[in-house]
Amino acid sequence: MTSGNRSIKKLLIANRGEIALRVIRACRELGIRSVAVFSEVDRNSLHVISADEAYALGGATPRESYLNQSKIVEIARSAAVDAIHPGYGFLAENPDFAELVEHSSIRFIGPSPESIRQMGDKTQARKVAKRLGIPTVSGTLEPLQNAAQGLKDVSELGFPVLLKAAAGGGGKGMRVVRSASEFESAFRTAQSEAKSAFGDDRVYVEKYLDGPRHIEMQIFGDSRGNVVYLGERECSIQRRHQKVIEESPSVAVDAELRRKLGDAAVKLAKEAGYSNAGTMEFLLDADGGYYFLEMNTRLQVEHPVTEETTGIDLVRNQILVAEGEELPFHQEDIAHDGHAIECRICAEDPENAFMPSTGVLTHYDIPQGRIRVENGFRSGDEISVYYDSLLAKVISWGKTRQEAIAVMLRGLHEFRIQGVKSTIPFCQYVLEHERFVEGSFNTSFVDKHFDSSRLSPISDDELLAAALSATLVSGRDGHAAQREILAPYSSKWREGRGEAHRG
């Protein structure tokens, strides 16, 4: 389908940062005009200067801006867009927003409101899994009404338990509770975080498993009922129940287990009449048993590792499927090549319990060469307290896992950030740790194996080189920065692997 006869000619991205830029790139390649929205904090952000059009949401907090459903749809109508892409987080899994968009005669790039209600709501998804006979972690099937009711439910499960947001993921609204005395405070905190992140304070509780592996399965469906799985991602390296390093394939998943997880994921998606990109999350115990955890009814932060190993552009296909096209691939077409790793570069201090780090990026230089970087910032940008700490994602690919690790370590060594702390030293620590190299790790890695006192400090020579580089590039104008950030980067799926799959 050429740009001249597309049904989507103009698309608004209801998000910010690197994911907004990722969608802008896909739009540009498809000949679709992109529309950005922004808060006051993001007025001069890269996604704003990179889009074809940009409109102010006002306010600084998420509630005033990127969670303001009526304002986003009002802008979409005024700008005469044909579709809205929600990215991830914010309103991406809000069925009311998807419904509001559709009622405004605008396409929502994602599943139907009904599918989001059934599978994006974590408690409803657990009900579907149980009905289909797919193993689940023990827990409540309804949101908790209050802390007192929660304690009654926990008495049947036994401590420790995990409080989780019903309306979203990403570690937001999630708290481990190990005793009854901690429950009420943890319940209030989880509710508050869920409300702030997703505009919905409902939480539920499930049994907390110590030390499982966190494995997720990427699926993709279309409006004709076709659903395929594109392979698993290993997501066990986490802090505060939020992923930091992801890879595909997982060293813990063999061909038989991959088929079982894939079949379960497709079965769940078909039951929900699911269309577009989605991810089924599972926990894997030491004996190889798997348990359905939840579904993310949206694009995942870590989607690039699947793109790198399959050659399939997920964002492009999200848009094509939303236009009514059939999936350009079948299950038997899906082939995996090599190994991919993603490191999330967050503005956090790994030497201080990963506390958020705010301030101005006095120097920010992303790695080049055989590496992929999904980035949302540049030197001079301010990292605020209002939003998620993610700055960029660095993605490496290699024929083998060892090669992918080596490429990633080189890329992280070249990434220069001054002005805020970042997770780069933590990622380097993990990639060089014998447990990670051997593949013998799980979600307890940080608790059991991370020693912040052993992080490698940046040398004086490296700081001097970064400062000199910052001086040399300080005269660049905004247009030069825009050209640099939207320039093509080295990426296996952009080099032609899986070209037939991209429609």
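Small disclaimer: the values here were computed from a predicted structure and weren't measured. Nothing fancy with the numbering, it's 1 onward along the sequence.
Remark: side-chain polar atoms of T310 are paired, donor with acceptor, to backbone N or O of I312 under 3.5 angstrom. With hydrogens and angles disregarded, a donor-acceptor distance shorter than 3.5 Å links the side chain of R126 to the backbone of V137. Judged by distance alone, with hydrogens and angles left aside, the side-chain atoms of R224 form a donor-acceptor pair with the main-chain N or O of G324 at under 3.5 Å. Of the possible donor and acceptor atoms, none in the side chain of S248 sits under 3.5 Å from a partner among the backbone N and O of T306. Looking only at distances, a side-chain donor or acceptor of T443 sits under 3.5 Å from a matching main-chain atom of P212. Within the 3.5 Å criterion, the main-chain N or O of G278 finds a donor-acceptor partner in the side chain of Q218. D222 contributes a side-chain N or O that, together with a main-chain N or O of G225, makes up a donor-acceptor pair within less than 3.5 Å. N276 contributes a side-chain N or O that, together with a main-chain N or O of Q318, makes up a donor-acceptor pair within less than 3.5 Å. Panel note: side chain Q238, backbone C235; a donor-acceptor pair is recorded below 3.5 Å. A side-chain donor-acceptor contact under 3.5 Å links R107 to the backbone of A322.
Residues S39 and Y387 form a side-chain contact, since some pair of their non-hydrogen atoms from C-beta on lies under 4.5 Å apart.
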Give the intermediate values and the outcome of side-chain contact (heavy atoms from CB on, under 4.5 Å) for residues I341 and I245.
-> CA-CA 7 Å; I341 300 173; I245 299 177; 3.9 Å; yes
Show your reasoning for whether side-chain contact (heavy atoms from CB on, under 4.5 Å) applies to L57 and F38.
-> CA-CA 6 Å; L57 289 165; F38 59 91; over 6 Å; no
Worked verdict on I424 versus I345 for side-chain contact (heavy atoms from CB on, under 4.5 Å) | CA-CA 6 Å; I424 290 176; I345 310 306; 3.8 Å; yes
Worked verdict on F445 versus S236 for side-chain contact (heavy atoms from CB on, under 4.5 Å) = CA-CA 8 Å; F445 179 92; S236 297; over 6 Å; no
Can you check salt bridge (Lys or Arg N to Asp or Glu O under 4.0 Å) on E271 and K267, steps first, answer last?
-> CA-CA 6 Å; E271 178 70 13; K267 190 175 182 180; over 6 Å; no
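One distance of note links CG of L230 with CD of Q331; it measures 7.5 Å at 0.5 Å rounding. S34 contributes atom OG, which lies 4.5 Å from atom CD1 of I24 (distance to the nearest 0.5 angstrom). If you take CG on L390 and CD on E348, they are separated by 9.0 Å, rounding to the nearest 0.5 Å. Distance check: L412 CG to I371 CD1 gives 7.0 Å after rounding to the nearest 0.5 Å. To the nearest 0.5 angstrom, H85 atom NE2 is 6.0 Å from I319 atom CD1. For the atom pair CG of N226 and NE2 of H330, the computed distance is 6.0 Å after rounding to the nearest 0.5 Å.
The two residues G89 and R298 have their closest heavy-atom pair at N-CD, 4.1 Å. The two residues S50 and L21 make their nearest non-hydrogen contact at OG-CD2, 3.4 Å. Between E234 and I215, the shortest heavy-atom distance links the atoms OE1-CD1, 3.4 Å. The heavy-atom pair separating G231 from H336 by the smallest distance is CA-NE2, 3.7 Å. For the residue pair L268 and A129, the shortest heavy atom distance occurs at CD2-CA, 3.8 Å. Minimum heavy-atom separation, Y290 to P135: O-CB, 3.3 Å.
Ion pairing between R117 and D96 holds under the 4.0 Å rule for side-chain N and carboxylate O. For K122 and E206, the salt-bridge test fails: no basic side-chain N is under 4.0 Å from an acidic carboxylate O. Using a cutoff of 4.0 Å between basic side-chain nitrogens and carboxylate oxygens, R344 and D388 are not scored as salt-bridged. A salt bridge links E281 to K243: one of the charged nitrogens lies within less than 4.0 Å of a carboxylate oxygen.
Partners of E232 by salt bridge (Lys or Arg N to Asp or Glu O under 4.0 Å), not counting sequence neighbours, listed by chain and number: R258. For D381, the salt bridge (Lys or Arg N to Asp or Glu O under 4.0 Å) criterion is met by R378, not counting sequence neighbours. In this structure, the salt bridge (Lys or Arg N to Asp or Glu O under 4.0 Å) partners of K127, at least two apart in sequence or on a different chain, are E142. S115 meets the side-chain hydrogen bond (donor to acceptor under 3.5 Å, both in side chains) test with S112; sequence neighbours excluded. With sequence neighbours excluded, the residues forming a ring-ring contact (aromatic ring centres under 6.0 Å, His included) with F90 are Y66, listed by chain and number. Checked against side-chain hydrogen bond (donor to acceptor under 3.5 Å, both in side chains), E438 has the following partners two or more places apart in sequence or in another chain: S440. For the ring-ring contact (aromatic ring centres under 6.0 Å, His included) test, no residue two or more places apart in sequence or in another chain qualifies with H214. The salt bridge (Lys or Arg N to Asp or Glu O under 4.0 Å) check on K260 picks up E256, with sequence neighbours excluded. For F354, the ring-ring contact (aromatic ring centres under 6.0 Å, His included) test picks out F426, F450, with sequence neighbours left out. Listed by chain and number, the residues in a side-chain hydrogen bond (donor to acceptor under 3.5 Å, both in side chains) with N44 amount to none (sequence neighbours excluded). Taking the side-chain hydrogen bond (donor to acceptor under 3.5 Å, both in side chains) definition, one finds that K10 meets it with E53, sequence neighbours left out.
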Please list, one pair per line, the donor and acceptor atoms closer than 3.5 Å that link side chains of residues 400-409 to other protein atoms, with sequence neighbours excluded.
| residue | atom | partner | partner atom | Å |
| --- | --- | --- | --- | --- |
| T400 | OG1 | E403 | N | 3.1 |
| R401 | NE | E247 | OE1 | 2.7 |
| R401 | NH1 | F436 | O | 3.0 |
| R401 | NH1 | V437 | O | 3.1 |
| R401 | NH2 | E247 | OE2 | 3.1 |
| R401 | NH2 | F436 | O | 2.9 |
| E403 | OE1 | K399 | N | 3.0 |
| E403 | OE2 | R370 | NH1 | 3.3 |
| E403 | OE2 | R370 | NH2 | 2.3 |

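In the model, E93 has a side-chain atom that pairs as donor or acceptor with a side-chain atom of T297 under 3.5 Å. The closest side-chain donor-acceptor pair between E414 and Q368, if any, does not fall under 3.5 angstrom. Side chains of Y291 and D285: a donor on one and an acceptor on the other come within 3.5 Å.
When K393, R22, R233, R316 are each tested for a salt bridge (charged side-chain N to carboxylate O under 4.0 Å, His left out) with E307, only one passes: R22. For the side chain to side chain contact (heavy atoms under 4.5 Å, CB included) with L12, the qualifying choice from V37, D82, I106 is V37, the only one to do so.
Ring orientation note: the planes of Y429 and H433 are tilted relative to one another, at an angle of 30° to 60°.
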